[in-house]
Amino acid sequence: TPIGGSIGLYARVEADRLALAVSDQGPGIPEESLGRVFDRVFTTRGDKRGTGLGLAMVRATALAQGGDVKVSSSAGRGTTFTLYFPTTRS
């Protein structure tokens with residue numbers, strides 16, 4: 001997120017799950033990369049920053065808890081990651 005931008009945190013209950021969202025006003029993720037952001041060692045930052053493991057670990061953790069994670073992004077407008085967790089155990 002650039003200087004002066006904001007980061008939003010949101011929580012809501014949707015039917016039988018809790019949705020936690022984090023949004024930024026950064027550069028966004030290129031559309032052609034959206035399908036790979038949760039892949040291990042995939043990064044759009046190049047070799048100098050990051051390992052490409054963080055989002056893969058987020059997804060693995062969400063899935064292990066019976067949840068999921070989704071991403072939406074718009075070039076030049078920002079990105080939102082939403083984590084979903086069940087509100088009841090089955």
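Below, each value reflects all heavy atoms present in this structure, side chains not excepted, and no hydrogens, waters or symmetry copies. Keep in mind the model is a prediction, meaning the values are calculated, not measured.
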*Asks:* Under the side chain to side chain contact (heavy atoms under 4.5 Å, CB included) rule, collect the residues that match up with S73, sequence neighbours excluded.
*Replies:*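 Per chain and number, S73 pairs via side chain to side chain contact (heavy atoms under 4.5 Å, CB included) with I29, L34, T79.
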*Asks:* Is there a chain of hydrophobic side chains (I, L, V, M, F, W, Y, each step under 4.5 Å between heavy atoms) that links V71 to V69?
*Replies:*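 Linked, V71 and V69 end up in one cluster.
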*Asks:* Holding to side chain to side chain contact (heavy atoms under 4.5 Å, CB included), I want the full list of residues that pass it with V22, two or more places apart in sequence or in another chain.
*Replies:*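 V22: side chain to side chain contact (heavy atoms under 4.5 Å, CB included) contacts with I7, L9.
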*Asks:* To the nearest 0.5 angstrom, please state how far the CG atom of L18 sits from the OG1 atom of T82.
*Replies:*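 Between L18 CG and T82 OG1, I get 11.0 Å after rounding to 0.5 Å.
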*Asks:* Go through the structure and list residues passing side-chain hydrogen bond (donor to acceptor under 3.5 Å, both in side chains) with R17, not counting sequence neighbours.
*Replies:*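 With sequence neighbours excluded, R17 shows a side-chain hydrogen bond (donor to acceptor under 3.5 Å, both in side chains) to E14, given in chain and number order.
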*Asks:* Who pairs with E31 by side-chain hydrogen bond (donor to acceptor under 3.5 Å, both in side chains), at least two apart in sequence or on another chain?
*Replies:*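 Counting only residues at least two positions away or on another chain, E31 forms no side-chain hydrogen bond (donor to acceptor under 3.5 Å, both in side chains).
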*Asks:* Test of understanding: with side chain to side chain contact (heavy atoms under 4.5 Å, CB included), list the residues that count as partners of F85, not counting sequence neighbours.
*Replies:*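 Result, side chain to side chain contact (heavy atoms under 4.5 Å, CB included) vs F85: L20, A62, Q65, L83.
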*Asks:* Check P86 against G66 and note the closest heavy-atom contact, atom names and distance.
*Replies:*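 Taking every non-hydrogen atom into account, CD-O, 3.5 Å.
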*Asks:* Can you name the side-chain hydrogen bond (donor to acceptor under 3.5 Å, both in side chains) partners of S23, sequence neighbours left out?
*Replies:*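 Residues passing side-chain hydrogen bond (donor to acceptor under 3.5 Å, both in side chains) with S23: T80.
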*Asks:* Hey, are the side chains of V58 and F81 touching, using non-hydrogen atoms and a 4.5 Å cut-off?
*Replies:*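 Contact flag for V58/F81 side chains = no.
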*Asks:* I'd like to know if the side chain of T87 reaches the main chain of D16, judged simply by a donor and an acceptor atom lying under 3.5 Å from each other, with no hydrogens or angles considered.
*Replies:*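 At least one qualifying donor-acceptor pair exists.
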*Asks:* List the atom of P2, the atom of Q25, and the distance in Å for their closest heavy-atom pair.
*Replies:*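 Closest approach of P2 to Q25, heavy atoms only: CD-O, 3.3 Å.
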